[in-house]
Amino acid sequence: MKMDEISSKIVVIRDAFLGLLEDITSQQEQQQIVLVWKKTRAPLLIIIDPVMKVLVVVCLGMCVMLFIEKVHMSFALVFIKLWTPKQEKYYKWEAMKEEDFELGNLAYPMVLVQIPLYNEKEVYQLSIGAACGLSWPSDRIIIQVLDDSTEPEIKEMVDVECERWSSKGINIKYEMRNNRDGYKAGALKEGMKHSYVQHCDYVAIFDADFQPEPDFLSRTIPFLIHNPDLALVQARWKFVNAKECLMTRMQEMSLNYHFKVEQVVGSSTYAFFGFNGTAGVWRISAINEAGGWNDRTTVEDMDLAVRATLKGWKFLYLSDIKVKNELPSTFNAYRYQQHRWACGPANLFKKMFMEIVRNKKVSLLKKFHLIYNFFFVRKIIAHIVTFFFYCVVLPATALVPEVEVPKWGSLYIPSIITLLIAVGTLRSIHLSIFWMLFENVMSLHRAKAVLIGLLEIGRVNEWVVTEKLGDASLKTNAGAEASRVPNKRNVGERLNLLELIVGGYIFFCGCYDLAFGKSHYFIFLFLQSIAFFVAGFGYVGKFVPDVLP
């Protein structure tokens, strides 16, 4: 379709919209409204116009920074894939030898496997069972279940499960605390204090919904054995419920980019990549040298990784080792998770900035990558510019047409970034537009969380454990047919006021641009407002009733 035909159709739509306004109000009343609006707008424009121009310039600058980061990562990945040998070849690796008659299992190092739990009723059996199924000599491995559960019924269930595996000859320890001080970091730190941990050389960590394959340790531990400068071996996440709903498909696209691009490039270029908090193996001496677990932020995993890096330790990411886990499939669970993932890094950046700058053990280039690329652009700029530019400033320019946004900033850059990320999940590339709209909605919570983290206010240290459903979604689907009477309380719980407010603002800007604008932003604005309304009314992800059949 030619541009002339598109323009003519847009003109027809605008004329129809204005015709509708003429039917509602008389021409004289319409002229009075326009006159009043012009008189009101004129003095406001004197203040708004320069402010808007400054905001647009700042946002465009942040867009360019984010764009350069994404393009740089893409080129680096292509170079690594085409011309650089696999990173594993740079490190010595030998398969664990068969049991020797004289040494017995002493050839195998002692490994601690930690499983932090908190009211994990739906998945505790999966994680404990997978850990107990690891292929490693039974006298050279300790499974440590760190249970911070507050519900007595769940505590008893976990205890019984541990006893069941203990009766099968598994060396499993069930550890409980009387408080939740420090949340996950506090549990891991407390777990390292037990006397039997002193005999362990390495610790593997798996969150409650993670299920490692039996050969996980035999594929990762040798890297640590033969390379004394390695502190961490991180594996990739594999999502068992990625196809469950549209929201999990969107998450898969974002996380695939993280694991297929960001982690690979950070590891292969020896720059920096963060510990993902699970599905990794640490050298215990490296944890101790870095100062152990710290609960000053909600990203204890990233905190430990940064401190270990500043001590000179190296990390290795193995993308071919995948550990199954579950994506949050309810919108509230995802919102809480994203708040923690956005607020924590911003808060950590504030607390460790000068420590990174003053450090003398790592190179200037590595410090620059850590401060600028990893923290500033990815963890702060990316969240702030996505919301404030595309959901606040850009819609506002429809009300102030005197302020123009170049097409490269409003169209080309976001389109290229979206495609670069979508390529990581080719089977979902047709959902790129939905992904972009959904990410803009979630940027509302991420931007708010970043500001909370930087200013250290409000919910800066809030830790809400991400809800896991296990097979609860199947039960929900079965129960949905049994009850067709809507629950008024649940309907109210599904409303998200912030999304509705922002959606209403963007929709108003779209209507104004359709009636009086020349930029045709209303096409994007209407789509984006619909995305906010869908999230605002709670029609995102799975909906699980309080009582399951």
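Count residues from 1 along the sequence. What you see is a predicted model, and the numbers here were worked out from it, not measured in a lab.
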Checking [X] side chain against [Y] main chain: does a donor-acceptor pair fall under 3.5 Å?
X: Ser432; Y: Ile429; answer: yes
X: Asn359; Y: Glu355; answer: no
X: Ser363; Y: Lys366; answer: yes
X: Thr248; Y: Cys245; answer: yes
X: Thr269; Y: Val265; answer: yes
X: Thr297; Y: Val299; answer: yes

With a sphere of 6.0 Å drawn around [atom1] of [X], does it hold more than 12 non-hydrogen atoms of other residues, nucleotides or ligands?
X: Lys322; atom1: NZ; answer: no
X: Lys260; atom1: NZ; answer: yes
X: Leu426; atom1: CG; answer: yes
X: Lys189; atom1: NZ; answer: no
X: Tyr196; atom1: OH; answer: yes
X: Tyr336; atom1: OH; answer: no
X: Lys311; atom1: NZ; answer: no
X: His226; atom1: NE2; answer: yes

Indicate whether any N or O donor in one side chain lies under 3.5 Å from an N or O acceptor in the other, for [X] and [Y].
X: Tyr174; Y: Glu161; result: no
X: Asn276; Y: Gln263; result: yes
X: Ser135; Y: Asp215; result: no
X: Ser138; Y: Asn171; result: no
X: Asn332; Y: Thr330; result: no

Electrostatic pair [X]-[Y], nearest N-O below 4.0 angstrom:
X: Glu456; Y: Lys351; value: yes
X: Lys155; Y: Asp159; value: no
X: Arg378; Y: Glu69; value: yes
X: Arg340; Y: Glu462; value: no

Side-chain heavy-atom pair [X], [Y] within 4.5 angstrom cut-off:
X: Ser127; Y: Phe206; result: no
X: Arg335; Y: Gln337; result: no
X: Val323; Y: Gln211; result: no
X: Arg180; Y: Val465; result: yes
X: Met247; Y: Phe438; result: yes
X: Val203; Y: Val281; result: no
X: Val240; Y: Asn325; result: no
X: Val306; Y: Phe375; result: yes

May I ask you to decide if the ring planes of [X] and [Y] are parallel, tilted or perpendicular, using 30° and 60° as cut-offs?
X: Tyr91; Y: Tyr270; answer: tilted
X: Trp463; Y: Tyr183; answer: parallel
X: Phe259; Y: Trp237; answer: tilted

Verify whether the ring centers belonging to Tyr202 and Trp282 lie closer than 6.0 Å.
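For Tyr202 and Trp282, the ring centres are not under 6.0 Å apart.
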
Measure centre to centre between the rings of Phe353 and Phe349, then say whether the value is under 6.0 Å.
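Ring centroids of Phe353 and Phe349 are less than 6.0 Å from each other.
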
If the test is salt bridge (charged side-chain N to carboxylate O under 4.0 Å, His left out), which one of Lys92, Lys314, Arg283 qualifies with Asp229?
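That would be Lys314; it is the only one of Lys92, Lys314, Arg283 passing the salt bridge (charged side-chain N to carboxylate O under 4.0 Å, His left out) with Asp229.
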
Among Met352, Glu289, Met302, exactly one meets side chain to side chain contact (heavy atoms under 4.5 Å, CB included) together with Arg307. Which residue is that?
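Option passing the side chain to side chain contact (heavy atoms under 4.5 Å, CB included) with Arg307: Met352.
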
With Lys324 as the cation and Phe210 as the aromatic partner, state whether NZ or CZ is under 6.0 Å from the six-membered ring centre and within 45° of the axis.
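No, cation not above the ring by the 6.0 Å, 45° rule.
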
Minimum-distance pair of heavy atoms, taken over all atoms of Ser443 and Thr386:
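Closest approach of Ser443 to Thr386, heavy atoms only: CB-CG2, 3.6 Å.
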
